[in-house]
Structures are given as C-alpha cells and as structure tokens.
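Notes follow the structure.
FYI, side chains are in, hydrogens and waters are out, and symmetry mates aren't considered; it's all heavy atoms of this structure. Chain letters run A, B, ... following the sequence lines, proteins first, then strands; residues in each count from 1.
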There are 2 protein chains.
Amino acid sequence: MAVPRAAKTQRRTRIQEEKEERILDAALDVFSSNGFRGSTIDQIAEAAGMSKPNLLYYFRTKEAIHRQLIDRVLFTWLEPLQAFDAEGRPESEIRSYIRRKLEMARDFPRESRLFANEVLQGAPHIEDELKGPLKELVDEKAEVIRTWARAGKIAKCDPYHLIFSIWSTTQHYADFDVQVRAVLGQASAGEGRFEDAARFLEQLFMDGLRARAGK
Amino acid sequence: MAVPRAAKTQRRTRIQEEKEERILDAALDVFSSNGFRGSTIDQIAEAAGMSKPNLLYYFRTKEAIHRQLIDRVLFTWLEPLQAFDAEGRPESEIRSYIRRKLEMARDFPRESRLFANEVLQGAPHIEDELKGPLKELVDEKAEVIRTWARAGKIAKCDPYHLIFSIWSTTQHYADFDVQVRAVLGQASAGEGRFEDAARFLEQLFMDGLRARAGK
DNA sequence: GTAAGCTTTTACCAATCGGTCAAATATCGG
DNA sequence: CCGATATTTGACCGATTGGTAAAAGCTTAC
C-alpha cells in the first residue's frame, strides 16, 4: 500500500492536490455547520463525492483534516490585523480594518463559523495559538492604538475592547447569519445588509472614536 | 412501569422536580460546550450523577432535554429587549440595555453559548421562533429607536444594525470567553474585564449615538 | 506492454451512539 | 407494616461512529 502525502517521491501528484482540496472544501462545509464532534467522516466523504476509505487515504484521521483547516483559517484571520499600520492615518486604518473584517464575514462565512465553533467549544485545538501568536499580535496593535489615543488623534479608549468589539460586530454577520436573516426578513434577500452594516459600523466606530479626540 | 412527567396524579413529585433540574443543569453544561450533535446522553447522565436509563426516565429523548433548555433560554434572552421602554429617556434605555446584556453574558455564559451553538449551526430547532416572536419584538423596538432618531434625540442610524451590534459585542464576552481570556492574559484573572467592557461599550455606543444628535 | 507505484473499493472491526426492557428497589399513604 | 406506585438499575439492541486490511483497478515511466 502506498503512503499518500509525503510519498517517497516527495512531490505531490496532481490528483493528490485536487482531491485534498476537494476534501478540505467539503470538510469546511461540514465542520463549519456542525462543529468538530458533530461532524462525521461519512458526511465529509459524501460532500466530497468519494468513499470514506478513499478520503482516509488522503487524511489519516478526522483530526488531521480539522487541524489543517484550522491552521489555514487562523492565518487568514490574522491577516487583516497584520495590515494594521502604525504609520497610517488612525481614522483610515481603523475604518479599513472594519471594512476588511466585514468583507471576510461576507465572503468567507464558513471560515468564520469554523473558527467560532472552535472557540465557542473551548478552543481545544488552538489554545496555544490564541495565547501565543494571536495575543502577541493584538498586544502590538493595542499599543499602536494607545499611542494614537495619547497623541490625541482618537478618543481615549481601551484598545483591547475596541478590537473585541470590531471582531464581534463584523463576525456576527457570518456566525449569526441565520438570525440576522430571520430578523431582517425579506428585506435582506440580497447582500444589501452588508452595505447597511458597513455604513452603520463605520458611523458607530468613527463617531465614537472621534467624539472626544479633540479634548 | 410508571410514566414520569404528567403522571396521573398530575402533580410533580419533589424528586421529579429535583432530578429534572439536575438533568437540565448538567445538560446545559454539556450542550453549551459541545453543541447538540456533539453531546451524548451518557455525558449528560454522568454530569448529572445518574445512569443513562435513569435520565431517560425523566426525559424520553435527547431532543426533549435540548428543547426544554432552548425554550427557557429563548425566554430569558428576550427579556432585556422587552424591557426596552419607548417612554423612557433614549440614552438611559440604551445604556441599561447594554448593561443588562453584558451582565447576562457574565452571569449566564452557558445559556449564551447554548444559544450561540444553536444559531451557529443553522438554528435547526428554533428557526420559527427567530422568524416569529424574535423578529416581531425587534421590529417593534426598532421602530421605537427610529422614532427617537427622527425626534433628534439620538443620531440617525439603522436600528436593526444597532441592535445587532449590541447583541454581538456583549455576547462576545460569553461566547468567545476563551479567546478574550487568552488575549487579555493574566490581567483578566478576575471579573475586571466585564467592568472594562462595560465602560468601553457605554462610551462607544453613547458617544456614537450622541455625536450627531444635535444636528 | 509491462512493471512499479498510485488510487479506489469492498468487506470488515471494535467502540460508541440513542434508546428499550424487565426486573429490582425505594418511597409513601394508609 | 403493607401494598401501590415511583424510581433506579443492568443487560441489551440495532445503528452509527472512526478507522483498518487487503485486494482490485488505474497511471505512468520505461
């Protein structure tokens, strides 16, 4: 029997690459809407259009699929905050961070829900990443915000809770999509709610931060 | 064999009441941290300190336990928004709504997570409640907010997204507790983060809503 | 074409799942 | 104390779970 990934050729076949991608995409569907424990290999295999043993030829365990997905998502998730630039204009930096996070909620809701499921259930697989890389990044950007506040460029406020509130408000539109749609009703048929949300959030945060900036 | 609830006596024993409460409490633990599909009757039974058949004597199915929990939580969850008073002062109404929601995130995190799990996974058990009672309540309160804005008492803004942002920012401290703790580090040992959050959120929302109220 | 390696399938396994059953035991009114 | 009823238990069931073994089928370089 041949070993799938990391074969002796060291070079991944075209088939391998295709199938692994199909599996990960299917797994993202399943994991993001059922959580880890609530998802089954059979579900993923069916969604990927292959038999269970065939799927297990590419990923040895259910955990392996999940881990790879989580790793990708974590990277993607940190990107917008990485882009936060200390040299930029505070107002436009924060505004575009909000906009990017909201775009991610719109364009990658499955990734958002995968992450939400993981954290909601105690983050058993990513506790280290949260306490390590994530915390360090947030610490760094919080310091930037604090500096802006001290320079009087924005209102004084707790930078950590500012970041939390941007995370929560934007991700809400992915994670609680069903609820948002239910409450907005027919009016939310299209993607208009994301534009409305963008307008609202920009007003909320920009006005809130500008309010006492001059004082 | 005796039928547990709704016995012919029509009157619930003290034992029944106690055991059912213990089961629901244990189930809240388990469901809130594993989701519905990720939770097992055995886990709940063990957490409740009884055998599985014994538990099933009080609740015929896993669904039955979950449904009862969800019903309770839904009721509790709507209460603060119910209290929103059209006759009150806009500023204090919104402020106290935020405070109450944040207190609930602090005091009933399991309930918040149970609800979050449910909605995150597509709200299969409560879609009707969301589209019915919840939507109606939100519609009603949104109209109140809109009236306040038209009267110039608060800044003009989309009332639905205002409500969403209050929900998301406050519930974030329950649902993403692990992440919040990880990022804040040791500093969040106590419950201080809730007071910090309260200060931050009040400033954010009140300044944001006041900003253009005068214009 | 053919051999070597890659991919897929069929059949299967032990463990766990939600739930049942009947017998054993505890409780309580009289 | 007794009988009736309420509660608890252990043994069990079929279905589903994550995962394996081995052989069959397919690609590809030569």
* Euclidean distance, atom OH of residue B/Tyr57 to atom P of C/dT27 [Å, nearest integer] -> 13 Å
* Should A/Phe176 and B/Ser168 count as side-chain neighbours, where that means a heavy-atom distance under 4.5 Å? -> no
* **Salt bridge flag under 4.0 Å for residues A/Lys101 and A/Glu103** => no
* Asked: Where does the angle between the aromatic ring planes of A/Phe31 and A/His66 fall among parallel (under 30°), tilted (30 to 60°) and perpendicular (over 60°)?
  -> perpendicular
* Once you round it to whole Å, what is the distance between C1' of D/dG18 and CD1 of A/Ile44? -> 11 Å
* Please give, in whole Å, the distance from D/dT20 C1' to A/Ile41 CD1? -> 12 Å
* **Nearest to side-chain heavy atoms of B/Lys19, which nucleotide of D/dT7, C/dG19, D/dG18** => D/dT7
* Asked: Is B/Thr40 touching bases, backbone alone, or none of the nucleic acid, heavy atoms closer than 4.0 Å?
  -> sugar-phosphate
* To do: Answer yes or no: is there an ion pair linking B/Arg146 with B/Glu143, defined by an N-O contact shorter than 4.0 Å?
  => yes
* side chain to side chain donor-acceptor pair (under 3.5 Å): which pairs involve residues 129-138 of chain A, sequence neighbours left out? -> A/Glu127-A/Lys131, A/Lys135-A/Asp139
* Asked: For the pair made of CZ in A/Phe59 and P in D/dG18, what is the distance, rounded to whole Å?
  -> 16 Å
* Selected nucleotide, minimal atom distance to B/Pro53 side chain, candidates D/dG19, C/dT7, D/dT9 -> D/dT9
* Asked: Any donor-acceptor pair under 3.5 Å linking the side chain of B/Arg113 with the backbone of A/Leu120?
  -> no
* Excluding sequence neighbours, so at least two apart, what forms side-chain hydrogen bond (donor to acceptor under 3.5 Å, both in side chains) with A/Asp25? -> A/Arg110
* Asked: Can you find an N or O donor on one side and an acceptor on the other, under 3.5 Å apart, linking the side chain of B/Lys52 with the base of C/dG18?
  -> yes
* side-chain contact (heavy atoms from CB on, under 4.5 Å) partners for B/Glu202, two or more places apart -> B/Arg95, B/Arg99
* To do: Strictly below 4.0 Å, heavy-atom distances to any atom of DNA chain C: list the hits from residues 22-37 of chain B, or just say none.
  => none
* Neighbours of DNA chain C within residues 119-126 of chain B, by heavy-atom distance under 4.0 Å -> none
* All side-chain hydrogen bond (donor to acceptor under 3.5 Å, both in side chains) counterparts of A/Arg22, not counting sequence neighbours -> none
* Structure fact -> When rounded to whole Å, the NE2 to P distance for the pair A/His66 and D/dG18 reads 13 Å
* **Whole-Å gap separating P (C/dT9) and CE (A/Met50)** => 9 Å
* Structure fact -> Considering only heavy side-chain atoms of B/Ser51, the closest of C/dC17, C/dT8, D/dT9 is D/dT9
* **Length of the line joining B/Asn54:CG and D/dA11:C1', which is rounded to integer Å** => 16 Å
* Structure fact -> Atom CD of A/Glu20 and atom C1' of C/dC6 are separated, to the nearest Å, by 13 Å
* To do: Ignoring backbone atoms, establish whether B/Tyr58 has a side-chain N or O less than 4.0 Å from OP1 or OP2 of D/dT8.
  => yes
